[in-house]
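Handing you this structure, nothing more for now.
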Amino acid sequence: MGYKAQRFCRHAGCVAIVGGGASYCEAHKDEQIQAERRQDERRGSAHSRGYTSHWAKYSKWFLSLPENQFCKLHIDNGCAQVAQCVDHIDPPNGASDPKFWDRNNHQPACIHCNSVKGRTKRAGTWEFGHG
């Protein structure tokens, strides 16, 4: 059985220690859930933004290509180096935007770098073994 290291609650300024893979202490867990729900209401669900089963199949195929095995962004030391998702270089405005399915607008990324990049336009150039 694996052991998850203890860490500080992710809520800003909280010094409570959490374990077992939790991110937030009991005092901030419900607050975080509510914040995530508000964000989903503003942004829409992943499915409503075009990330459907069709996208999941495409992503799996895209990341299986030899040239897409590693994160192209490598934004900082948090980079996992292994590509875990397909990033839109120029973020589309929904699934109906032609940029959504344009393969030239896709790049392999790790979850960390994809999250740090956010909705900015940024093409990665990092190559494993060269940077």
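Just so we're clear, the structure is a prediction, and the values are computed from it rather than from any experiment. One-based numbering along the sequence shown. Values below: every heavy atom of this structure, side chains too, minus hydrogens, waters and symmetry copies.
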Exercise for the section: Keeping the roles fixed (side chain from Q107, backbone from A123), state whether a donor-acceptor pair exists under 3.5 Å. Expected result: no

Handout entry: More than 12 heavy atoms of other groups within 6.0 Å of K99 NZ
Key = yes

Handout entry: Heavy-atom side-chain contact between K72 and W126 under 4.5 Å
Key = no

Practice task
Look up atom CD in Q69 and atom OG in S64, then write down how far apart they are to the nearest 0.5 Å.
Solution key: 7.5 Å

Problem - Beyond-backbone contact of V18 with F8, side-chain heavy atoms, under 4.5 angstrom - result: no

Problem - Min side-chain heavy-atom separation S23-Q32 under 4.5 Å - result: no

Handout entry: Heavy-atom side-chain contact between H106 and I89 under 4.5 Å
Key = no

Problem - Side-chain donor-acceptor pair present, N105, D90, cut-off under 3.5 Å - result: no

Exercise for the section: Spell out, yes or no, whether Y24 and I17 are grouped together once hydrophobic residues are joined by side-chain heavy atoms under 4.5 Å, including indirect joins. Expected result: no

Completion exercise
The reported gap from CG in D76 to SG in C113 (rounded to nearest 0.5 angstrom) is 6.0 Å

Problem - Between NE2 on residue H112 and NE2 on residue H74, distance to nearest 0.5 Å - result: 9.5 Å

Completion exercise
In terms of heavy-atom contacts, C71 and C110 come closest through SG-N, 3.4 Å

Practice task
Go through W55 and F100 one step at a time and tell me if the ring pair (Phe, Tyr, Trp, His ring centres under 6.0 Å) criterion holds.
Solution key: CA-CA 10 Å; W55 176 262; F100 190 91; 5.0 Å; yes

Practice task
To the nearest 0.5 Å, tell me how far E26 CD sits from H28 NE2.
Solution key: 11.5 Å

Practice task
Of all the heavy-atom pairs spanning C25 and C9, show the shortest one and how long it is.
Solution key: N-SG, 3.4 Å

Practice task
Please tell me if the side chains of K57 and K60 come closer than 4.5 Å, counting only heavy atoms from C-beta onward.
Solution key: no

Exercise for the section: Determine whether L63 and Q84 make a side-chain contact, defined as any pair of heavy atoms from C-beta on separated by less than 4.5 Å. Expected result: no

Problem - Modelled atom types, side-chain donor and acceptor of E31 and H11, under 3.5 Å - result: yes

Exercise for the section: Just do the ring pair (Phe, Tyr, Trp, His ring centres under 6.0 Å) check on H88 and W101 with the steps written out, would you? Expected result: CA-CA 9 Å; H88 288 97; W101 287 104; 8.3 Å; no

Problem - For N68 against A83, the heavy-atom pair lying closest together - result: O-CB, 3.4 Å

Practice task
Decide yes or no for F70 and P108: does some side-chain heavy atom of the first lie under 4.5 Å from some side-chain heavy atom of the second?
Solution key: no

Problem - Nearest-0.5 Å distance, SG of residue C79 to CG of residue N114 - result: 11.0 Å

Problem - Any side-chain heavy-atom pair of R122 and L73 under 4.5 Å - result: yes

